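FYI, side chains are in, hydrogens and waters are out, and symmetry mates aren't considered; it's all heavy atoms of this structure. So you know, we letter chains A, B, ... as the sequences are listed, proteins then strands, and number each from 1. Since we're looking at a predicted model, the values are computed, not measured.
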Amino acid sequence: MHPHYAAIYRVVRFVPKGRVATYGQIALLSGLPHGRARQVGYALHALRPDSKVPWQRVINARGEISLDAEGASRQRQILASEGVEFDERGRVDLRRYQWRPRHMRFLTAV
DNA sequence: GCCAGGGCGCTAA
DNA sequence: ATTAGCGCCCTGG
């Protein structure tokens with residue numbers, strides 16, 4: 001596996017239930033050069049179905065789910081079951097639900 | 001709020 | 001080997 005992917009997964013695992021993170025945020029926290037947000041999407045897409053990485057907690061910077069209709073409804077259902085609310089336009093209020101880590105524990109957790 | 005353009009790495013043609 | 005889109009984001013208008 002590409003080392004960047006491992007770094008991405010390590011960070012995503014720390015996003016708690018009931019909160020979300022953005023692709024750009026994960027890229028930044030993962031230490032990718034220049035915050036390559038797009039690569040986070042590829043890393044999550046490459047996850048095995050039985051993975052323990054909470055991929056569903058990563059959404060785009062506008063608070064929207066960035067998947068086709070089928071995948072979006074799956075992701076939304078899981079998030080809703082974790083307590084994340086969506087507005088009538090299908091968006092999450094990031095001011096309310098975005099993960100804001102106080103301590104960067106994932107930096108040492110290998 | 002919208003749209004366009006640039007940057008980036010991956011993947012399927 | 002080349003091209004064309006993308007689970008994106010930033011800046012600028």
Q: Represent DNA chain B in dot-bracket notation, 5' to 3'. Only Watson-Crick or G-U wobble pairs with both distances under 3.5 Å count; pseudoknot-style crossings use [ ] and interstrand partners use |.
A: .||||||.|||||
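- Comparing dC9(C), dG7(C), dC10(B) by their closest approach to the side chain of A61(A) singles out dC9(C).
- dG7(C) and dC2(B): their C1' atoms are spaced 22 Å apart (whole Å).
- Here dC10(B) is the nucleotide among dC9(C), dC10(B), dG7(C) with the atom lying nearest to any side-chain atom of Y5(A).
- Closest to the side chain of R89(A), from the set dC2(B), dG7(C), dC9(C), is dC2(B).
- Atom-to-atom, CD of Q25(A) to P of dC9(C) comes out at 10 Å; the value is rounded to the nearest Å.
- With hydrogens and angles ignored, the 3.5 Å screen pairs a side-chain donor or acceptor of S51(A) with a backbone N or O of V53(A).
- Take R95(A) and apply the side chain to side chain contact (heavy atoms under 4.5 Å, CB included) test, not counting sequence neighbours, and it matches D93(A).
- Residue Q39(A) places its side chain closer to dC10(B) than to any other of dC10(B), dG7(C), dC2(B).
- Taking every side-chain heavy atom of T22(A) into account, dC9(C) is the closest of dG7(C), dC6(C), dC9(C).
- A straight line from NE2 of H4(A) to P of dC8(B) spans 14 Å, rounded to a whole angstrom.
- When rounded to the nearest whole Å, the span between CD1 of I26(A) and C1' of dG7(C) equals 13 Å.
- Side-chain proximity of A37(A) to the nucleotides dG7(C), dC8(B), dC9(C) is greatest for dC9(C).
- Among the atoms of the strands shown, base atoms are found under 4.0 Å from some heavy atom of V58(A).
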Is there any protein nitrogen or oxygen under 3.5 Å from a nitrogen or oxygen in nucleotides 11-13 of chain C, and what are the pairs?
none

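- Across the protein-nucleic acid pair, I8(A) atom CD1 and dC10(B) atom C1' stand 12 Å apart, rounded to whole Å.
- Atom P of nucleotide dC2(B) and atom CZ of R91(A) are separated by 8 Å, given to the nearest angstrom.
- As a whole-Å value, the separation of N60(A) CG from dC6(C) P is 15 Å.
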